[in-house]
Asker: 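Can you keep this structure in mind? I'll have questions shortly.
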Amino acid sequence: QVQLVESGGGSVQVGGSLRLSCADSERTSESYAMGWFRQAPGKGREFVAAVDWSGEHTNHADFVKGRFTISRDSDKNTVHLQMDSLKSEDTAVYYCVVSGLTGQAMADSRWYHYWGQGTQVTVSS
């Protein structure tokens, strides 16, 4: 089974940076894609980024436009989301996910069966 623990969320000013981290405490996600989704108030879950099982191939949502970067540690059980040039519209709860179905960095939430508790990111002026 997979148990995910997120960290790094918090409050920052517009233009600031945050680095989110997510670890699979059971260390069993080596063969699966991992990624991040977010959910803003009144909106559905939105794909942010994903990285494949090897850590070599990534998939970023169009709105990132070079601002966010997903990466995966060599142990393959930890992922990070470096968020730079944050905007107010980035305010959301960010969820770490593990596929459980594929090693490919898919964008559709239906490919991800394991979700973390979420960590709040608040960007203010």
Asker: Taking a hydrophobic cluster as the set of Ile, Leu, Val, Met, Phe, Trp and Tyr residues connected by side-chain heavy atoms closer than 4.5 Å, whether directly or through intermediates, do V51 and V97 fall within one such cluster?
Answerer: no
Asker: Which pairs count as ring-ring contact (aromatic ring centres under 6.0 Å, His included) when at least one residue sits in residues 56-86, sequence neighbours excluded?
Answerer: none
Asker: Under the side-chain hydrogen bond (donor to acceptor under 3.5 Å, both in side chains) rule, collect the residues that match up with S17, sequence neighbours excluded.
Answerer: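 side-chain hydrogen bond (donor to acceptor under 3.5 Å, both in side chains) list for S17, sorted by chain: D84.
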Asker: For Q120, enumerate each residue passing the side-chain hydrogen bond (donor to acceptor under 3.5 Å, both in side chains) test, keeping only those at least two apart in sequence or located in another chain.
Answerer: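 So Q120 forms a side-chain hydrogen bond (donor to acceptor under 3.5 Å, both in side chains) with T122.
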Asker: Taking salt bridge (Lys or Arg N to Asp or Glu O under 4.0 Å) as the cut-off, I'd like each qualifying pair that reaches into residues 66-81, sequence neighbours left out, listed once.
Answerer: R27-D75, R67-D90
Asker: State whether the number of non-hydrogen atoms from other residues, nucleotides or ligands found under 6.0 Å of Q13 atom CD is greater than 12.
Answerer: no
Asker: If the condition is ring pair (Phe, Tyr, Trp, His ring centres under 6.0 Å), which residues does F47 pass it with, not counting sequence neighbours?
Answerer: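 By the ring pair (Phe, Tyr, Trp, His ring centres under 6.0 Å) rule, F47 matches F37.
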Asker: Does anything in residues 46-58 pair up under salt bridge (Lys or Arg N to Asp or Glu O under 4.0 Å), and if so which pairs, sequence neighbours excluded?
Answerer: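 Non-adjacent pairs meeting salt bridge (Lys or Arg N to Asp or Glu O under 4.0 Å): R38-E46.
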Asker: Hey, are the side chains of L20 and M83 touching, using non-hydrogen atoms and a 4.5 Å cut-off?
Answerer: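 Of all side-chain heavy-atom pairs linking M83 with L20, at least one is under 4.5 Å.
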Asker: Not counting sequence neighbours, list each pair that qualifies as a disulfide (SG to SG under 2.5 Å) and has a residue in residues 41-92.
Answerer: none
Asker: Would you say W111 has more than 12 foreign heavy atoms packed within less than 6.0 Å of its CH2?
Answerer: no
Asker: Who are the side-chain contact (heavy atoms from CB on, under 4.5 Å) partners of V12, not counting sequence neighbours?
Answerer: L18, L86, V123
Asker: Which pairs with one or both residues in residues 44-125 pass disulfide (SG to SG under 2.5 Å), sequence neighbours excluded?
Answerer: C22-C96
Asker: Which residue pairs satisfy the salt bridge (Lys or Arg N to Asp or Glu O under 4.0 Å) criterion with at least one member in residues 101-117, sequence neighbours excluded?
Answerer: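 Matches after skipping sequence neighbours: D108-R110.
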Asker: Under the disulfide (SG to SG under 2.5 Å) definition, can you give me all pairs with a residue in residues 25-64, not counting sequence neighbours?
Answerer: none
Asker: What is the minimum heavy-atom distance between Y94 and E6, and which atoms define it?
Answerer: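 Closest heavy-atom pair between Y94 and E6: O-OE2, 3.8 Å.
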Asker: Once you round to the nearest 0.5 Å, how far does CH2 of W53 lie from CD of Q104?
Answerer: 12.0 Å
Asker: How many angstroms lie between CE in M34 and OH in Y112, if you round to the nearest 0.5 Å?
Answerer: 10.0 Å
Asker: Flag yes if M106 and L81 sit in one hydrophobic cluster, no otherwise; membership is Ile, Leu, Val, Met, Phe, Trp, Tyr, and two members link when side-chain heavy atoms are under 4.5 Å apart.
Answerer: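 Unlinked, M106 and L81 end up in two clusters.
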Asker: Could you tell me if the side chain of Y32 sits less than 4.5 Å from the side chain of H113, heavy atoms only?
Answerer: no
Asker: Is the shortest heavy-atom distance from the side chain of V79 to the side chain of W36 under 4.5 Å?
Answerer: yes
Asker: Would a single hydrophobic cluster contain both V48 and V5, if residues Ile, Leu, Val, Met, Phe, Trp and Tyr are joined by side-chain heavy-atom contacts under 4.5 Å?
Answerer: no
